[in-house]
Novice: 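Have a look at this one.
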Amino acid sequence: MTDVLSLRPLAAVLAAAVGIVTIVASRRSPNVREGFTVLSAVSALGIVASMVPGVLNGTTYVTDLGTFVPGVRFVLRADPLGMIFALLASLLWLITSFYSIGYMRGLDEHAQTRYFAAFAASVSAALGVAFASNLIVLYVFYELLTVATYPLVTHDETEEARKAGRKYLAYTFGGGVAALAGTALVFLTTGTVEFSAGGIAALANADPVVARAAFALLVTGFGVKAALMPVHSWLPDAMVAPTPVSGLLHAVAVVKSGVFGIARVILDVYGPDAVGSLGVGLPLAAVAAFTIVVASIIALRQDNLKRRLAYSTVSQLSYIVLGLALLHPAALVGGLLHIPAHAFMKLTLFFCAGVIHVETHTDDISDMAGIGRRMPLTMIAFTVASLGMAGLPLVAGFVSKWYLLIGSIETGQTVFVFVLLASGLLNIGYFWPIIYQAFFQTPEDSDAKPLIEFPIGGVRAVTDGGSKDSVAEGEQYAVDRNPSDHVAVADGQADHDAATDGEADHGHDHHGGPPAGGWERRRLGTESTWFMMAPITIAAAGAIVLGVVPQTAVFLALVQRVVADVTGVVF
């Protein structure tokens, strides 16, 4: 790798940061404000994309801002691993910007200037995380990301949103403290915290007890945002945020910063050899496998669509951690490739959930029978992304999971092969009922999906066409009691006053679902505005491109470059 001094890594971070100022300055003109949002996103993406060819050819772009703390310089460095995260964050920010315009206007949301400014701040911090050259700089941007996303989590300003925000801060700042403690141990042991492909050489000769303690602290700290169990519960609770924020949390910035931090620790702080010799890889893989299976089982009982997607995220993130912890080159490729693969698929799913919410005020799966008539393109995109999440061919998830399976087999860890296969079946279990009832059922002949009849999955379902209200007294129906993510809850009911596009009136105690007479039939792509439908289509197309021609899509090439630099194995 050849280091080249350049201002481009800093310029990418500043392009998003300057967007904060322009967005706030144009707050009295929504069109101008949103124009600056798009312009900032285009600028950040353009700067990041301009570095991709050089990075693939062995060039590392470096911005050196001088000494930050004694012994540590504040350096931004665009290397192959950082480029994976930076390119993903900047690309998906642009797509999400258009979607956010349609979503926020469609619901006539309050505090839109604050929302767009906080979004820009979050992406700026995420780019700082991507380009950090050492653990200290990474920690600074990691904490700034928490601060920037807090206003987004609490956007609704309800008590539920504030409670979720407090929990988010407690978990993520707590994780930050653990990461800082681990960073201090590494510095005291080796005298450096600089990232180096293959790890810091001095750690191989360090006291094993201290090295293991530092590894545990670092992985725990970054594992909070990676939603490893048992430090995952902030993530489902954060679903009170607007749906584009859920996409940011789950697909782009926050959770990806967590798995990215773990990747830096394993690949560039310790290195696969040191992780293997210390014996800390297998325990981490076991935690990841446990999270994959248990989160998938919990997802089976969630009737609120966003909460089901949240637990799906908890599970899917651990595919990345599992691939990193197995240390085999093929598993590393699978884990790192799952970062963009999961991002495109999960962003598609959240975009679909958001447009369903905006157009029909429907949030619960049990209210979606026949909704494919009303939202045909939306549910087709949802189906594509769901197939990829289950690991079926021609969608992004298949390629990354194939590498993970190969890596698991070649390491002789067959238990993880069974975990991956079981998880694929569980993915089908919690996505197929949504797809089936959307296209092949009507409100009259649907049952109370998705409950399954044993305690860990929920309570006994009503399968005779009955409603939630007909569940026997004393039983608890597995459904989110606050189905709207944008209105305050009063007297236990969501207030949906405005009818949308000719749908039935959403009165004080209406929780969404089909209007009287069933869903009206819409032509493909006419179910909402192009501000929302175009991003859904692009995100779903991206998932297909990653599944069909992953090398052409750049991400696989970057991943292979990372693995070659760290292990010497060329794919």
Side-chain angles (χ1 to χ4, degrees), residues 171 175 178-179 182 212 215-236 250 254-267 269-270 272 275-276 278-299 310-343 345-346 389-391 397 400-427 559 563:
Y171 272 72
R212 290 189 186 103
F215 183 86
L217 287 168
L218 288 168
V219 168
T220 300
F222 294 122
V224 171
K225 282 182 180 171
L228 287 173
M229 288 185 169
V231 290
H232 69 288
S233 65
W234 66 269
L235 191 54
H250 288 251
V254 177
V255 296
K256 291 303 188 297
S257 72
V259 292
F260 179 79
I262 293 174
R264 283 293 194 194
V265 170
I266 291 176
L267 301 178
V269 176
Y270 281 79
V275 172
L278 290 170
V280 292
L282 191 58
L284 179 59
V287 172
F290 176 82
T291 304
I292 288 171
V293 174
V294 174
S296 295
I297 292 173
I298 296 174
Y311 280 104
S312 170
T313 296
V314 174
S315 174
Q316 293 283 328
L317 289 172
S318 284
Y319 282 99
I320 303 167
V321 178
L322 177 61
L324 294 167
L326 287 175
L327 307 177
H328 187 277
L332 292 175
V333 170
L336 292 174
L337 186 59
H338 202 62
I339 294 175
H342 171 262
M345 295 184 296
K346 187 51 61 72
M389 298 292 283
S400 56
K401 292 181 184 182
W402 174 259
Y403 278 107
L404 287 171
L405 280 170
I406 296 300
S408 300
I409 292 169
E410 293 192 358
T411 57
Q413 302 292 343
T414 54
V415 63
F416 298 122
V417 176
F418 288 111
V419 166
L420 292 168
L421 295 175
S423 175
L425 293 175
L426 288 168
N427 272 265
V559 167
V563 175

Novice: Compile the donor-acceptor pairs under 3.5 Å between side chains in residues 323-339 and protein atoms, sequence neighbours left out, one pair per line.
Specialist:
residue: H328; atom: ND1; partner: A330; partner atom: N; Å: 3.0
residue: H328; atom: NE2; partner: E410; partner atom: OE1; Å: 2.8
residue: H338; atom: ND1; partner: S400; partner atom: OG; Å: 2.8
residue: H338; atom: NE2; partner: Q316; partner atom: OE1; Å: 2.9

Novice: When rounded to the nearest 0.5 angstrom, what is the spacing between CG in L322 and CG in L317?
Specialist: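 Reported value, rounded in 0.5 Å steps: 12.5 Å.
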Novice: Identify, with sequence neighbours excluded, every residue that meets side-chain hydrogen bond (donor to acceptor under 3.5 Å, both in side chains) alongside S315.
Specialist: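 Partners of S315 under the side-chain hydrogen bond (donor to acceptor under 3.5 Å, both in side chains) test: S296.
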Novice: Taking distance alone, no hydrogens or angles, what donor-acceptor pairs closer than 3.5 Å link side-chain atoms of residues 278-287 to residues at least two apart or in another chain?
Specialist:
none

Novice: Rounded to the nearest 0.5 Å, what separation is found between the CZ atom of R264 and the CZ atom of F222?
Specialist: 10.5 Å
Novice: Mind listing the closest non-hydrogen atom pair of K346 and S312 along with its distance?
Specialist: NZ-OG, 3.3 Å
Novice: Got a sec, which residues hit side-chain contact (heavy atoms from CB on, under 4.5 Å) with V417, two or more places apart in sequence or on another chain?
Specialist: L405, S408, I409, L421
Novice: According to ring-ring contact (aromatic ring centres under 6.0 Å, His included), who are the partners of Y270, at least two apart in sequence or on a separate chain?
Specialist: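 By the ring-ring contact (aromatic ring centres under 6.0 Å, His included) rule, Y270 matches F215.
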Novice: How close do V314 and A227 get, counting heavy atoms only, and between which atoms?
Specialist: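 Closest heavy-atom pair between V314 and A227: CG1-O, 3.4 Å.
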Novice: With sequence neighbours left out, write down each residue that passes side-chain hydrogen bond (donor to acceptor under 3.5 Å, both in side chains) with T291, or none if nothing qualifies.
Specialist: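 For T291 there are no side-chain hydrogen bond (donor to acceptor under 3.5 Å, both in side chains) partners, ignoring immediate neighbours.
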Novice: Which heavy-atom pair separates V224 from G175 by the least distance, and what is that distance?
Specialist: CG2-CA, 3.8 Å
Novice: By side-chain contact (heavy atoms from CB on, under 4.5 Å), which residues pair with A310, not counting sequence neighbours?
Specialist: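 In terms of side-chain contact (heavy atoms from CB on, under 4.5 Å), with neighbours along the sequence ignored, A310 is linked to P236, M239, H250.
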Novice: Just jot down the side-chain contact (heavy atoms from CB on, under 4.5 Å) partners of L404, sequence neighbours excluded, or say none.
Specialist: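 L404 satisfies side-chain contact (heavy atoms from CB on, under 4.5 Å) with Y319, L420 only.
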Novice: Listed by chain and number, what are the ring-ring contact (aromatic ring centres under 6.0 Å, His included) partners of F416, not counting sequence neighbours?
Specialist: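 Applying ring-ring contact (aromatic ring centres under 6.0 Å, His included) to F416 gives none.
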Novice: Could you measure the distance from the NZ atom of K225 to the CG atom of L235? Nearest 0.5 Å is fine.
Specialist: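 Atom-to-atom, K225:NZ and L235:CG are 12.0 Å apart.
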Novice: Looking at CZ of F290 and OG of S318, how far apart are the two atoms once the value is rounded to the nearest 0.5 Å?
Specialist: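 Between F290 CZ and S318 OG, I get 10.5 Å after rounding to 0.5 Å.
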Novice: Looking only at atom types and distance, does a side-chain atom of K401 sit under 3.5 Å from a main-chain N or O of M389, one as donor and one as acceptor?
Specialist: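 Answer holds: yes.
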Novice: Can you list the steps and then say if I262 with L228 is a side chain to side chain contact (heavy atoms under 4.5 Å, CB included)?
Specialist: CA-CA 11 Å; I262 293 174; L228 287 173; 4.2 Å; yes
